[in-house]
Protein chains: 2
Amino acid sequence: MLSPAPTAVSRQPATLKFIGGDTDELPGLDQRLAKALLRRIEAKEFVFAEGDPATHLYQVETGAVALYKVLCDGRRQVLGFAYPGDFIGLGAQDEHVVNAQAIKPTRLRCLPLSALSQIARQDPRLGFRLYEALASELAATRELLLTTGQRSACERLVAFLLALSRRNARKGQDPLAFDLPMTRTDIADFLGLTIETVSRTFTKLRTLGLIELPHASRVRLLDIERLKSMEGNEADAA
Amino acid sequence: MLSPAPTAVSRQPATLKFIGGDTDELPGLDQRLAKALLRRIEAKEFVFAEGDPATHLYQVETGAVALYKVLCDGRRQVLGFAYPGDFIGLGAQDEHVVNAQAIKPTRLRCLPLSALSQIARQDPRLGFRLYEALASELAATRELLLTTGQRSACERLVAFLLALSRRNARKGQDPLAFDLPMTRTDIADFLGLTIETVSRTFTKLRTLGLIELPHASRVRLLDIERLKSMEGNEADAA
DNA sequence: CGTCTATTTGAGATGCGTCAACCGTTGTGG
DNA sequence: CCACAACGGTTGACGCATCTCAAATAGACG
């Protein structure tokens with residue numbers, strides 16, 4: 001787990017040894033999701049807001065969603081981004097404690113929690129799958145905490161880009177060139193920086209010949225090894 | 001959830017609506033814990049380290065434990081503190097991804113994951129209790145992320161003190177005067193600051209008449225209302 | 001083409017980090 | 001019982017990374 005993983009739920013298989021059993025595929029859940037209500041929302045629309053009653057579990061089908069919390073004076077901390085395949089709404093109790101807002105036109109599968117309950121009774125492995133998903137999200141959040149708490153602006157942006165690169169590699173997409181679906185403001189609020197610092201750091205990386213920026217929203221990583229060496233690696237390196 | 005909650009697992013009851021059922025008390029787990037192996041460790045000893053195989057779930061009985069991650073150059077991010085009643089080792093997959101180190105002499109109940117598995121089979125509510133505990137830990141980590149990413153040094157320290165105060169209130173202890181079991185270094189690495197800044201900020205709060213520091217490790221909150229107003233509140237205030 | 005928004009760039013201010021010295025407490029050995 | 005070392009904490013002076021404020025530029029869209 002090296003990445004600040006800007007994901008709501010990373011999908012790496014994670015075996016719960018004390019339970020045993022393969023929970024990677026759950027026909028019950030997948031069937032339900034395939035039949036579930038499809039919701040289409042525009043960029044900037046909310047999936048749900050802080051304080052809303054938690055009614056559904058959502059899975060992103062296309063698009064992207066930002067999860068964030070805000071302070072009363074408007075300061076905002078983006079906690080993660082959810083991409084296709086990711087679940088949103090996990091770990092909520094009665095009410096959502098974060099905001100989930102689309103950052104581009106998005107299609108969502110909506111699964112009522114009552115249906116989830118039903119599937120869970122039929123197939124107890126669902127509970128462990130949800131547990132794993134939650135554990136992955138916790139791991140990603142801890143990673144981001146390490147990043148915002150300890151790394152410099154440049155290290156933060158590099159870690160962010162490398163996390164996107166790794167995600168693409170996992171999904172079989174190009175790990176060296178990709179679009180950034182989020183604005184500079186979203187990136188800034190994710191990394192605990194200002195948009196000006198994010199922008200300046202992008203140009204610094206470009207000037208150093210480490211990345212290319214064909215458009216503001218598209219990156220190409222030119223020297224991934226040097227980028228990795230700038231990331232501020234974790235200690236164990238196991 | 002207003003606090004940066006320096007806890008590994010906060011113990012507030014949290015109902016999983018889509019499951020239903022009261023999971024607050026689990027005779028199976030509690031009986032097992034009571035019989036579980038008791039481990040005593042000194043300050044600075046590890047409960048486990050990053051990369052260790054995950055073998056047990058631990059519950060702090062007395063003392064306190066810090067959870068943290070480190071970068072290869074030694075920078076450290078404390079993710080939380082575990083106090084009596086808190087669980088440690090939740091959400092781990094095969095290997096622990098964080099370090100857990102006692103910050104004072106500590107007694108731990110050690111529950112082998114195999115025993116956990118056994119209890120889970122006997123009583124499926126255990127799975128949901130673990131899910132809830134993990135969700136609480138995620139909520140606390142998100143809170144801390146908001147703090148380190150968006151708040152000033154002063155706001156961070158105030159949020160930290162108020163979180164300890166709230167924890168004491170929940171436990172029926174004095175919310176206005178308490179010991180700080182951790183060092184300034186631990187606090188600094190928790191809040192993403194340096195020890196000098198933490199020390200100066202303590203002094204500033206003392207000078208402003210907001211707190212008293214009889215010893216370095218004891219605080220008394222003199223004007224909790226004003227402290228709350230300095231915390232940088234969250235938006236919803238629901 | 002014009003407007004609106006997002007992004008970039010610049011100049012200056014500042015909060016926090018760095019480096020260094022000092023202080024108080026604790027524990028240890030003479 | 002005292003001397004001293006080790007450690008954690010406090011305070012000061014200074015520098016710098018990042019923030020703030022401001023303006024220019026580039027893209028997107030009607």
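Quick note on labels: first sequence line is chain A, next is B, and so on, each numbered from 1. Everything numeric here is computed off the predicted structure, so don't read it as measured data. Atom set for the values below is all heavy atoms of this structure, side chains included, hydrogens, waters and symmetry mates excluded.
- Nucleic acid contact for B/Ser199: base, since at least one base atom lies under 4.0 Å from a heavy atom of the residue.
- The side chain of B/Lys44 lies closest to D/dG8, out of C/dG17, D/dG8, C/dA11.
- Across D/dG8, D/dT10, C/dT8, the shortest atom-to-atom separation from the side chain of B/Thr203 is found for D/dT10.
- Between the CD1 atom of B/Ile187 and the P atom of D/dG9 there is a distance of 8 Å, given to the nearest Å.
- Put simply, the side chain of B/Thr141 gets close to the backbone of B/Glu137: a donor and an acceptor are under 3.5 Å apart.
- Look at NZ on A/Lys104: it is 17 Å from C1' on C/dA6, rounded to the nearest Å.
- Contact annotation: side chain of B/Glu196 to base of C/dC16, donor-acceptor pair absent below 3.5 Å.
- For B/Ile103 and D/dC7, the CD1 to P distance is 19 Å, given to the nearest whole Å.
- Residues B/Gln77 and A/Arg142 form no side-chain contact, since every pair of their non-hydrogen atoms from C-beta on lies 4.5 Å or further apart.
- Taking atom CG of residue A/Leu193 and atom P of nucleotide D/dT20, one finds them 11 Å apart after rounding to whole Å.
- Rounded to whole Å, the distance from NE2 on B/His215 to P on D/dG9 is 14 Å.
- Residues B/Lys44 and B/Gln101 meet the side-chain proximity criterion, which asks for heavy atoms closer than 4.5 Å.
- Side chain of A/Thr106 to backbone of A/Ala64: a donor-acceptor contact under 3.5 angstrom is found.
- In this structure, the CG atom of B/Leu213 is 11 Å from the C1' atom of D/dG9, given to the nearest Å.
- The NZ atom of A/Lys204 sits 16 Å away from the C1' atom of C/dT9 (whole-angstrom rounding).
- You'll find a donor-acceptor pair under 3.5 Å spanning the side chain of A/Arg200 and the base of C/dG10, going by distance alone.
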